[in-house]
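Read through the structure below, which is laid out as structure tokens, and then see the notes.
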Amino acid sequence: MPRHVLVAGGAGFIGSLTAKALLERGDQVTVLDNLSTGLLSQVPEGAAFVEASIGSRAEVAELLASSPIDACICFAGLIAAGESMTEPGRYFANNVGETTVLLEELINARVHEFVFSSSAAVYGEPLFTPMTETHPTQPTSVYGETKLMIEQVLAWMARQGSLRYVALRYFNAAGAVEGHAEAHEPETHLIPLAISAAKGERPPLQVFGSDYPTPDGTCIRDYIHINDLATAHLAALDSLAQGTTALVCNLGTSHGYSVREVLSAIEEVTGLVVPFTLANRRPGDPAELVASCDLARDVLGWVPTRSSLNQMIADAWHATKGDAV
Ligand code: UFG
């Protein structure tokens, strides 16, 4: 049955993709976004749009009073782990304070189904790998702590019967859709930086650490295509509609690639050489982050379909050239 979904942060990259996928399957969508990092041009055609912050209580209450919303997906939040260490107050106020206001207003309006963008950053240093959802959570960044705090708020609200939720812990988002790559300013992510270096648009890539206890000495990560992340949110909504009360799920592929393997794959896909230098470790980087994805498969029926390393790199590469992917 078509539903009316509130997509908070739906002018952002993964939020707008998810909003589009919801519309394509016949759901009704209202996007709530303060456009602090999102773009109005990314809100898909067919979605209603309200420009406000998730922490603007009066505006959120008015929106919920005027539209009968069935469920909410929240992508809104600050996402830079490095920045969170220099501006902790802003991260706690935005990611924890504002999200809590949104949750309160949803409960007041009797919207009881909530999907939350969480992160592998909640785990901190891995004690074992692949990491299951039961792995201890000891975030090494303020960003990870803010995601964990909202997971705890959700767990308490669910325990009290106020709402039902799915928290999705993204591993390393990668790839591009329809010629659009995720762009950050400043860019800190490996794949876009390495592609720019290969194109000569940036200086050689700095490989942060080559003395990690991994086979080639560089960090291992589990990369997941943004399109697969978007479809996981639809599966999470479906599971809530079927009565799920509380679920925390990893979103990755269960396969890890080292920085050197990623650079080799970029060279293979693009036919260019990625110039790089070996640099010191970046503070806060764990040696290996690989998800166990059994729960997402078994409970949500979600299986990534576009997340082979070469496919993600090809999509990101074509997007930098403006090709449709
Ligand atoms: N790296 C380099 N050089 C660079 C950039 C990155 O060597 O110029 C390395 C990093 O040290 C790391 C790997 O490439 O080992 C991936 O780094 P990214 O910056 O692309 O991504 P992170 O693993 O640091 O973090 C991302 C998200 C986090 C999320 C995490 C979950 O940004 O929010 O994935 O796995 F928590």
Side-chain angles (χ1 to χ4, degrees), residues 12-14 37 75 77-85 91 95 117-126 129-131 133 135 137-148 151 167-175 181-198 201-226 229 250-266 274-293 307 309 312-313 316:
F13 200 67
I14 303 170
T37 55
F75 296 94
L78 302 173
I79 61 160
E83 183 185 70
S84 77
M85 303 303 279
Y91 271 70
N95 289 7
S117 295
S118 187
S119 169
V122 299
Y123 292 118
E125 289 293 333
T129 188
M131 301 166 98
E133 290 79 358
H135 184 285
T137 46
Q138 290 171 328
T140 49
S141 69
V142 168
Y143 166 72
E145 188 73 45
T146 65
K147 292 292 178 183
L148 185 59
E151 286 193 8
L168 298 172
R169 292 176 175 169
Y170 307 173
F171 278 64
N172 285 54
E182 193 168 9
H184 300 281
E185 197 43 53
E187 186 55 76
T188 59
H189 291 109
L190 176 63
I191 294 174
L193 284 177
I195 289 177
S196 294
E201 295 167 352
R202 287 179 191 265
L205 181 90
Q206 288 187 291
V207 172
F208 296 138
S210 50
D211 58 350
Y212 282 100
T214 59
D216 68 18
T218 63
C219 286
I220 293 175
R221 293 288 180 274
D222 185 343
Y223 296 88
I224 177 80
H225 198 288
I226 49 173
L229 288 179
N250 288 337
L251 296 181
T253 63
S254 307
H255 297 290
Y257 295 95
S258 72
V259 173
R260 282 182 191 273
E261 286 173 324
V262 171
L263 300 189
S264 298
I266 291 174
V274 181
F276 68 87
T277 57
L278 298 179
N280 290 334
R281 294 183 180 195
R282 188 171 65 176
D285 272 351
E288 182 167 353
L289 280 179
V290 178
S292 161
C293 302
S307 293
L309 184 59
M312 290 186 281
I313 290 170

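Whatever order the structure lists ligands and atoms in, that order sets their numbers, starting from 1.
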Within a distance under 4.0 Å of any heavy atom of [X], pick out the atoms of ligand 1 and give their elements.
X      : result
Ala120 : 31 (C), 35 (O)
Gln206 : 2 (C), 3 (N), 4 (C), 7 (O), 8 (O)
Ser119 : 29 (C), 36 (F)
Leu289 : 35 (O)
Val207 : 7 (O)
Leu193 : 8 (O)
Tyr143 : 33 (O)
Cys219 : 15 (O)

Which class fits the ring pair Phe171 and Tyr123: parallel under 30°, tilted 30 to 60°, perpendicular over 60°?
->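 Geometry flag for Tyr123 against Phe171: tilted rings.
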Any N/O of [X] closer than 3.5 Å to an N/O of ligand 1?
X      : value
Tyr170 : no
Tyr223 : no
Phe208 : yes
Leu190 : yes

Indicate yes or no: at least one non-hydrogen side-chain atom of [X] is less than 4.5 angstrom from one of [Y].
X      : Y      : value
Phe276 : Val259 : no
Tyr91  : Glu83  : yes
Val207 : Thr218 : yes
Val290 : Ile220 : yes
Lys147 : Arg169 : no

Side chains of Ser117 and Tyr170: donor-acceptor distance under 3.5 Å anywhere?
-> yes
Who's closest to atom 9 (C) of ligand 1 heavy-atom-wise, of Thr277, Leu263, Val259?
->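 Heavy atom nearest to atom 9 (C) of ligand 1 belongs to Val259.
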In terms of its nearest heavy atom to atom 17 (O) of ligand 1, the top option of Arg282, His189, Arg281 is Arg282
If you have a sec, work out which protein heavy atom is nearest [atom] and how many Å separate them, to one decimal?
atom                    : answer
atom 22 (P) of ligand 1 : Asn172 ND2, 3.5 Å
atom 5 (C) of ligand 1  : Thr188 O, 3.5 Å
atom 11 (O) of ligand 1 : Asp285 OD2, 2.5 Å

Can you find a non-hydrogen atom of Ala81 under 4.0 Å from ligand 1?
->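 Contact check Ala81 vs ligand 1: negative.
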Heavy-atom contacts under 4.0 Å between Leu205 and ligand 1: side chain, backbone, both, or neither?
->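 Leu205 to ligand 1: side-chain contact only, backbone stays beyond 4.0 Å.
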Can you tell which part of Ala121 has a heavy atom less than 4.0 Å from ligand 1: side chain, backbone, both or neither?
-> both
Test your reading of the model: is there a side-chain donor-acceptor pair from [X] to the backbone of [Y], 3.5 Å cut-off?
X      : Y      : value
Asn95  : Gly77  : no
Asn250 : Leu168 : no
Arg260 : Ser210 : no
Glu133 : His135 : no

Can you tell me if CG on Asp216 sees more than 12 non-hydrogen neighbours from other groups inside 6.0 Å?
->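 Check passes, neighbour count above 12.
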